[in-house]
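Both ligands and their constituent atoms are indexed starting at 1 by order of listing.
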Amino acid sequence: MAELSLVSGSVGLITLQSPPVNALSAAVRRGIVDTMQRAVSDPKVRSVVICGQNGVFCGGADIREFGSTMTGPPLVPMIHAIEAADKPVVAAIEGSALGGGLELALGCHYRISHAKARLGLPEVTLGLLPAAGGSQRLPRLIGVPAALDLITTGRHVTAAEALKLGFVDQVTDQNTVEAAVQFALSVVGQSLESRRISSLPCPCPVDVDALFEGVMQRVRQSARGAIAPVACVQAVRAAATLPYAQGMQREQELMATLFTSGQARALQYCFFSQRAVSRWSMPSGARWDTCKPKPVTKAAVIGLGTMGRGITVALAQAGLSVVAVETQPQQLKAGQRAVSDMLERAAQRLGVPSAVQGVRYSQELQAVADAHLVIEAVFEDMALKEQLFKQLSSICKPDTLLCTNTSALDIDHLASQTHRPQQVVGMHFFAPAHVMKLLEVVYGPRSAPQAVATAMALGKRMGKVSVAVGNCRGFVGNRMLMPYVEEALFLLEEGATPETVDHALEEFGFPMGVFRMSDLSGLDVGWRVRKAAGLVEPGKMSRVRQGRRYSPLGDLLCEQGRFGQKTGQGWYLYETPGSREARPDPWLHSFLEEYRARQGLVSRRIDSQEVQERCLYALINEGFNILQESIAAGPEDIDMIYVFGYGWPRHRGGPMFYASQVGLPRVLQRLEHYQQLHPDVPHLQPSSLLWRLVSSGSPPIHRWREVIRKPHSAL
Ligand SMILES: CCCCCC/C=C/CC(=O)SCCNC(=O)CCNC(=O)[C@H](O)C(C)(C)COP(=O)(O)OP(=O)(O)OC[C@H]1O[C@@H](n2cnc3c(N)ncnc32)[C@H](O)[C@@H]1OP(=O)(O)O
């Protein structure tokens with residue numbers, strides 16, 4: 001797992017060998033300890049270079065080992081032994097040096113990096129901190145503020161930035177190992193004292209207390225309940241204020257708490273789930289590894305509203321040639337300006353050439369004729385989309401993929417408007433479409449596996465986390481959101497205020513509670529959907545519609561023109577239309593009191609626990625229904641949709657993972673409890689899959705699929 005060879009007569013070259021990313025598994029650590037010992041004791045070896053095979057230095061500790069008892073040589077003494085060596089050790093960094101990989105490099109006396117390498121300490125994103133000395137060495141080398149930035153965000157930096165910050169000694173765009181070998185030859189005989197980072201003093205800011213207080217406040221605010229960023233600050237503070245040995249002790253203590261935490265498990269589950277969702281499958285048995293995507297170089301977008309603009313930008317930035325069609329001349333002009341601005345700004349920020357030239361604009365639908373793939377992003381209106389799909393079916397080449405960006409409408413119905421239902425899929429983007437990472441790729445019963453493969457591959461090219469899901473109202477994300485929103489409205493009827501509900505959800509870790517979110521996206525959006533579903537009865541207050549409990553509160557606000565931020569009033573009050581700061585609205589509080597009085601509802605005190613349980617368990621319950629119906633292939637798919645599209649706090653792993661952590665029997669018991677209190681609310685009726693999982697002994701989440709697939713009786 002690590003090989004030693006002698007090169008250029010006197011350089012011991014240690015090559016880490018553990019594909020795909022040379023993670024520091026027990027075998028690799030054993031290999032490093034063994035080869036270092038041999039190199040140090042071999043008189044022919046005068047200096048050492050450490051590199052990784054296949055163009056990757058090291059992706060860090062082997063995350064797969066974290067779930068079980070760690071065996072093999074520990075990282076910390078291994079890195080100390082490298083640093084203590086009396087022969088110069090040079091890290092030759094290609095590809096990635098991340099986490100334990102960078103900590104290994106920081107234990108070396110010199111670091112030579114390829115220009116295209118990426119370096120960083122992303123442990124915080126896995127619920128950990130750099131506990132192989134990284135939190136103590138990096139501040140000594142680059143100073144406290146820069147180290148705090150890298151360690152608390154986990155961001156990867158380019159070799160150029162690493163050189164500027166001072167933790168890389170040389171950057172090359174030639175062969176990195178050869179450059180490192182030459183470098184190793186050149187430093188033989190030089191003193192290594194100043195190269196042992198652990199022996200350097202930590203450059204200490206003038207007012208350490210003020211600095212760390214400010215940082216801690218900022219970090220706590222953005223962490224939204226995540227504990228690792230806070231521990232990272234504490235570890236760096238130890239580097240700034242304690243001698244190295246004591247700092248290391250503090251680093252280990254903090255790591256011990258994080259390592260076994262539920263948050264670390266959740267974040268590591270997210271790491272693997274994010275990768276697992278690209279290995280999609282359909283109920284038909286079609287899979288990611290049996291279907292080849294079709295090449296797509298020319299795409300078309302129809303409709304230049306907010307979504308169409310974002311989708312155009314995302315496609316152009318992925319290097320596709322795009323034609324954007326908008327039939328309204330004013331909208332076309334405004335859309336063109338907005339798209340060009342977004343592309344120019346992004347190019348400036350990233351220091352890359354602008355993709356503006358890759359986009360053409362037209363008022364004519366005919367302009368999409370030679371596209372390989374068309375994404376429709378017109379107004380959410382079935383009649384309009386039906387008409388459009390009929391036209392596209394005759395304009396486009398027979399093998400052109402026809403995609404819709406609908407957020408809820410029936411993909412199969414749209415497919416039936418065309419002569420090529422197998423070529424129709426949903427590509428459900430989230431606003432702003434060029435920023436948000438999530439893409440739901442929705443297949444109908446007639447969608448061809450190759451069409452799904454092509455949409456998934458395109459999503460990947462656009463840098464999205466793409467999740468393949470089946471066709472149903474609202475697909476996965478919005479379908480699960482419906483009971484969540486409904487429960488929040490019911491809680492208002494029963495005595496809560498928007499503030500108490502939002503506070504409980506934000507306390508859980510959402511960036512915004514349901515009412516602030518609804519004000520931001522516009523109350524009229526849901527109103528239109530409810531109208532189309534025949535649920536809205538203007539001016540009426542009835543609380544049972546279509547045979548189940550219904551809250552008309554949202555409709556009543558819309559009837560008064562309260563659409564949220566854009567009108568300056570919604571569930572909250574805003575200083576002016578469009579402003580963002582939500583303030584409690586006394587009018588709304590009186591309105592709720594009057595509403596309850598007219599409905600004969602007795603207001604009661606509702607605590608955070610009830611808000612969280614009713615909103616979140618209702619959402620989770622719908623997730624179980626979705627799994628049961630095979631709309632999502634597994635819990636990881638649902639969880640990634642919620643983490644990347646709906647602000648579910650990543651350190652809680654997604655709704656299904658959260659349910660597994662709370663304990664399925666507990667979720668079931670609380671749903672039953674609330675269902676008894678509210679028998680007219682069908683979404684509180686526990687899903688039969690939840691029942692089956694509990695009666696199968698509540699297996700761990702990675703074994704749920706076995707229960708989902710098991711044929712079940714109608715018990
Ligand atoms: C109590 C004391 C205990 C001490 C513990 C010491 C702790 C040390 C801290 C750490 O080092 S934690 C790990 C820090 N490293 C990372 O976070 C890096 C994670 N990896 C990546 O960011 C990327 O994978 C990459 C290295 C940039 C490569 O990206 P690329 O897009 O090229 O490939 P991927 O699809 O992401 O990955 C390919 C394949 O490899 C698996 N993998 C990647 N990194 C690791 C890893 N560190 N451990 C185990 N497996 C890893 C990844 O899961 C993919 O496989 P899959 O089968 O497709 O899932």
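Of all atoms in ligand 1, numbered sequentially from 1 with element shown, those under 4.0 Å from a heavy atom of F272 are 53 (O). Near G100, with a cut-off below 4.0 Å to any heavy atom, the atoms of ligand 1 are 10 (C), 11 (O). The L98 neighbourhood of ligand 1 comprises atoms 18 (C), 22 (O), 26 (C), 27 (C), with distances under 4.0 Å to a heavy atom of that residue. Of all atoms in ligand 1, numbered sequentially from 1 with element shown, those under 4.0 Å from a heavy atom of G99 are 11 (O), 14 (C).
Taking every heavy atom of both residues into account, C291 and P449 meet most closely at SG-CB, 3.3 Å.
Rounded to the nearest 0.5 angstrom, Q274 CD and F644 CZ are separated by 3.5 Å. For the atom pair Y244 OH and R196 CZ, the distance stands at 12.5 Å (nearest 0.5 Å). For the atom pair H372 NE2 and T297 OG1, the distance stands at 4.0 Å (nearest 0.5 Å). A distance of 9.0 Å separates CD1 of I14 from CG of D34, quoted to the nearest 0.5 Å. Put simply, CZ on R118 and CG on L98 are 10.0 Å apart, with the number rounded to the nearest 0.5 Å.
Nearest to atom 53 (O) of ligand 1 by heavy-atom distance, out of R64, E103, Q268, is R64. Of the candidates Q274, M255, R29, M255 brings a heavy atom nearest to atom 5 (C) of ligand 1. Of the candidates G60, C58, A264, G59, it is G59 that places a heavy atom closest to atom 18 (C) of ligand 1. When the options A61, A23, G134 are ranked by their closest heavy atom to atom 47 (N) of ligand 1, first place goes to A61.
Contact annotation for atom 31 (O) of ligand 1: protein absent (non-hydrogen atoms, distance under 4.0 Å). Within the 4.0 Å cut-off (strictly below), a protein heavy atom is located near atom 20 (N) of ligand 1.
The closest approach between a heavy atom of S96 and any atom of ligand 1 is below 4.0 Å. Between R279 and ligand 1 there is a heavy-atom distance shorter than 4.0 Å. Heavy atoms of P122 come nearer than 4.0 angstrom to ligand 1 in at least one pair.
Contacts with ligand 1 closer than 4.0 Å are made by side-chain heavy atoms of V21 only, the backbone lying farther away. Only the side chain of L126 comes within 4.0 Å of ligand 1, counting heavy atoms alone; its backbone N, CA, C and O stay farther away.
Ring orientation note: the planes of F624 and W704 are tilted relative to one another, at an angle of 30° to 60°.
The shortest N/O to N/O separation between R275 and ligand 1 falls below 3.5 Å. Among the atoms of I63, some N or O lies under 3.5 angstrom from an N or O of ligand 1. An N or O contact shorter than 3.5 Å is missing between F271 and ligand 1 by distance. The shortest N/O to N/O separation between M70 and ligand 1 does not fall below 3.5 Å.
A salt bridge links R250 to E253: at least one charged side-chain nitrogen sits closer than 4.0 Å to a carboxylate oxygen.
Of the protein's heavy atoms, D62 OD1, 3.2 Å lies nearest to atom 49 (C) of ligand 1. Here the protein heavy atom with the shortest distance to atom 3 (C) of ligand 1 is F259 CE1, 3.9 Å. Annotation: atom 40 (O) of ligand 1 to nearest protein heavy atom, P20 CG, 3.3 Å. For atom 6 (C) of ligand 1, the closest non-hydrogen atom of the protein is L75 CD1, 3.7 Å.
Between D639 and P655, the closest side-chain pair of non-hydrogen atoms falls below 4.5 Å.
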Evaluate side chain to side chain contact (heavy atoms under 4.5 Å, CB included) for C58 paired with L24, printing each intermediate quantity in order. CA-CA 7 Å; C58 177; L24 295 165; 3.5 Å; yes
Side chain to side chain contact (heavy atoms under 4.5 Å, CB included) between L315 and L458, worked out: CA-CA 9 Å; L315 289 166; L458 182 59; 3.9 Å; yes
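Around CZ of R275, the count of heavy atoms belonging to other residues, nucleotides or ligands within 6.0 Å exceeds 12. Atom NZ of K460 has 12 or fewer neighbouring heavy atoms from other residues, nucleotides or ligands inside a 6.0 Å radius.
Side-chain atoms of R140 come within 3.5 Å of backbone N or O of L200 as a donor-acceptor pair.
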